[in-house]
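Please read the structure below before turning to the comments.
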Amino acid sequence: MSDYMSIRENIIFNPVKLSASQEKNYYQRVFVVSAYAGITNKLLEHKKNAQPGIYALFSGSVMDEGWMNAFDELETMLFEINASLFGEPLLLEQANQFIGERLQDAKQCLIDLQRLCQHGHFALDQHLKTVREMLASIGEAHSAWNTTQLLKRDGVNARFIDLTGWRSQQHISLDERILSAFSDVNLNTELPIVTGYAHSETGLMNTFDRGYSEMTFSRIAVLTQAREAVIHKEFHLSSADPRLVGENNAVPIGRTNYDVADQLANLGMEAIHPKAAKGLRQHNIPLRVKNTFEPEHAGTLITGDYISDKPCVEIIAGTKGVYALELFDQDMAGNIDQYDREILTVLRRYKAHIVSKDINANTITHYISTNLKTVRRIRKDLEATYPEAEINQQKVAVVSAIGSDMHVAGVLAKAVAALAENHVRVLAMHQSMRLVDMQFVINEDDYESAIRYLHQNLVEVHDHGRAICLAS
């Protein structure tokens with residue numbers, strides 16, 4: 001979002017190809033925008049290293065003034081972004097006024113809440129979800145307003161669509177908010193620039209947390225009966241991370257299906273949140289993932305019914321920072337369902353994301369993506385529930401070979417051999433009958449090399465060229 005010129009030239013001014021006799025048409029499209037890079041981290045907390053933002057500082061120590069200082073730092077950062085985008089003094093003044101008022105409103109709300117919670121009848125915990133929703137909305141409102149004004153300056157009839165519910169007196173559903181906002185929009189002559197955050201009566205962050213913009217994007221596509229949904233990224237949806245396997249070796253996927261997209265999401269490398277994809281899938285809306293900096297490339301088209309013409313591995317992906325939590329109990333034999341139910345209840349209580357799991361007669365191992373503090377809490381609860389059980393934990397990585405059709409004879413053996421030949425020890429592995437993915441649990445230190453070796457042996461050997469399957 002910070003690279004406005006690339007957005008303007010490669011996305012806005014590069015609509016679907018028209019014949020030479022037709023005029024350029026910027027319209028019949030809707031753009032849902034995210035916050036500028038790093039802003040949501042400052043508003044909430046850093047997505048990767050958990051460094052506290054305004055929300056985390058406020059919720060962690062409401063009487064501390066650290067969160068107020070964070071507001072001032074954020075305002076300086078947002079004004080600097082504005083200065084880099086608006087060369088015209090009047091537009092810059094308007095941009096600073098817009099976001100400055102939002103920040104001041106939010107800051108005053110927290111001050112009032114802080115004062116309120118000094119009284120014994122009011123508990124801060126009851127309001128924190130609302131605080132998180134309010135703060136999250138600021139980043140998308142900032143980028144959407146700016147983008148709208150910049151496009152207007154450059155001759156496009158852009159329209160700012162604010163779904164954040166700022167100062168709204170109504171608590172309505174997500175669909176109702178979208179339909180209300182679009183009720184008088186003329187898509188033939190206007191280009192809506194929409195906030196990725198949308199306020200709803202149930203709260204998007206309760207379900208999607210930082211994936212809320214994808215749900216907004218999905219529901220708009222469904223409610224406007226879009227022909228196609230397009231996500232613009234800084235890179236292609238590729239056969240592997242180019243930083244690990246080399247830019248010359250990674251190849252765009254080109255075509256795949258929503259089943260594959262779900263497998264990627266499970267590993268934390270989502271093209272789109274599974275629940276957002278569900279709406280697109282149910283309404284037969286294809287999803288295209290494009291590289292903003294290669295506008296002439298068709299990108300990767302994701303549909304519900306695609307199956308590769310020839311069985312193959314399409315993607316090598318994985319995740320680090322996974323904890324293998326193993327519970328062994330001799331009494332489990334014959335009672336696995338009871339143990340499994342109890343363990344899942346604990347994991348759900350702590351919102352631990354399950355990447356995979358293994359079961360045998362007396363042992364259940366869950367591979368969970370969470371932090372060490374949460375793992376310790378989970379383990380403490382399980383030890384209290386099963387005092388005679390043996391519980392172990394180990395930090396591992398999971399790498400996966402994924403494809404829309406991997407019914408390839410010997411592909412599992414080939415993958416295991418590739419890892420073994422390069423001294424990567426497989427701690428556990430899993431392949432389902434659906435044959436859309438194979439998972440290998442390995443030591444975390446072997447993660448990058450495992451990705452490279454699997455990619456070399458399962459993808460690069462086929463020399464796919466410009467894409468594994470060229471999208472139309």
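One-based numbering along the sequence shown.
- Taking every heavy atom of both residues into account, Thr292 and Ser6 meet most closely at CG2-O, 4.3 Å.
- Applying side chain to side chain donor-acceptor pair (under 3.5 Å) to Ser239 and the options Glu460, His455, Glu314 leaves one that passes, His455.
- Asn371 contributes a side-chain N or O that, together with a main-chain N or O of Lys373, makes up a donor-acceptor pair within less than 3.5 Å.
- Around the NE2 atom of His407, the shell of radius 6.0 Å holds more than 12 heavy atoms that belong to other residues, nucleotides or ligands.
- Counting heavy atoms of neighbouring residues, nucleotides and ligands inside a 6.0 Å radius, atom NZ of Lys357 exceeds 12 of them.
- A distance-only check finds no donor-acceptor pair linking the side chain of Asp340 to the backbone of Ile336 [under 3.5 Å].
- For the residue pair Glu421 and Tyr453, no side-chain donor N or O sits within less than 3.5 Å of a side-chain acceptor on the partner.
- Between Asp262 and Arg281 there is a salt bridge, since a side-chain N of the basic residue sits under 4.0 Å from a carboxylate O of the acidic one.
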Practice problem: Go through Asp259 and Gln263 one step at a time and tell me if the side chain to side chain donor-acceptor pair (under 3.5 Å) criterion holds. | Solution: CA-CA 7 Å; Asp259 203 350; Gln263 308 312 316; 3.1 Å; yes
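- To the nearest 0.5 Å, atom NE2 of residue His142 and atom OG1 of residue Thr164 are 14.0 Å apart.
- In summary, of the residues considered (Val375, Asp381, Thr370), a side chain to side chain contact (heavy atoms under 4.5 Å, CB included) with Tyr350 occurs for Asp381 alone.
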key: side chain to side chain donor-acceptor pair (under 3.5 Å) assessment of Ser400 paired with Gln439   = CA-CA 4 Å; Ser400 187; Gln439 292 184 340; 4.8 Å; no
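- Checking side-chain atoms of Thr303 against main-chain N and O of Pro286 turns up no donor-acceptor pair under 3.5 Å.
- Judged by distance alone, the side chain of Asp329 and the main-chain N or O of Asp331 form a donor-acceptor pair under 3.5 Å.
- For Asn284 (side chain) and Leu280 (main-chain N/O), no donor-acceptor pair under 3.5 Å exists by modelled atom type.
- Salt-bridge formation is detected for the pair Arg379/Glu383: a Lys NZ or Arg NE/NH1/NH2 atom is positioned less than 4.0 Å from an Asp or Glu carboxylate oxygen.
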- prompt: Yes or no on side chain to side chain contact (heavy atoms under 4.5 Å, CB included) for Leu135 and Phe58, after CA distance, side-chain angles and deciding distance?
  reply: CA-CA 11 Å; Leu135 290 173; Phe58 180 79; 6.0 Å; no
Legend entry - Verdict with reasoning, Asn266 to Thr319, per side chain to side chain contact (heavy atoms under 4.5 Å, CB included): CA-CA 9 Å; Asn266 187 54; Thr319 182; over 6 Å; no
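- Open room surrounds CZ on Arg376; 12 or fewer heavy atoms of other groups in view lie less than 6.0 Å from it.
- Within the 3.5 Å criterion, the main-chain N or O of Met215 finds no donor-acceptor partner in the side chain of Lys275.
- Proximity of the aromatic rings of Tyr339 and Tyr386 is defined here by a centroid distance below 6.0 angstrom, and this criterion is met.
- More than 12 heavy atoms of other residues, nucleotides or ligands lie within 6.0 Å of CZ in Arg210, so this atom counts as buried by the packing criterion.
- No side-chain donor-acceptor contact under 3.5 Å links Asn362 to the backbone of Met332.
- The aromatic rings of His464 and His462 sit tilted, their planes meeting at an angle between 30° and 60°.
- The side-chain heavy atoms of Leu454 and Arg452, taken from C-beta on, include no pair separated by under 4.5 Å.
- Between Glu444 and Lys320 there is no salt bridge, since no side-chain nitrogen of the basic residue lies less than 4.0 Å from a carboxylate oxygen of the acidic one.
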Exercise. Just do the salt bridge (Lys or Arg N to Asp or Glu O under 4.0 Å) check on Asp405 and Lys310 with the steps written out, would you?
Key: CA-CA 8 Å; Asp405 179 4; Lys310 183 180 179 181; over 6 Å; no
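- Between Lys47 and Asn41, the closest side-chain pair of non-hydrogen atoms falls below 4.5 Å.
- Defined by atom type and a distance below 3.5 Å, a donor-acceptor pair is missing between the side-chain atoms of Asp305 and Asn257.
- For the residue pair His430 / Asp437, no side-chain donor-acceptor distance below 3.5 Å is found, with atom types taken as modelled.
- Side chain of Ser238 to main chain of His236: a donor-acceptor pair is present (N/O by atom type, distance under 3.5 Å, no hydrogens or angles).
- No more than 12 heavy-atom neighbours from other residues, nucleotides or ligands sit within 6.0 angstrom of CG on Asn248.
- Side-chain N or O atoms of Ser404 include one that pairs as donor or acceptor with a backbone N or O of Ser308 at under 3.5 Å.
- Formation of a donor-acceptor pair under 3.5 Å by the Asp446 side chain with backbone atoms of Ile442 is not found in this model.
- The heavy-atom pair separating Thr195 from Ala141 by the smallest distance is CG2-CA, 3.8 Å.
- Remark: Arg132 qualifies as a cation-pi partner of Tyr55 under the 6.0 Å distance and 45° angle criteria applied to the six-membered ring.
- Ring-centre distance between Tyr323 and Tyr367: not below the 6.0 Å cut-off.
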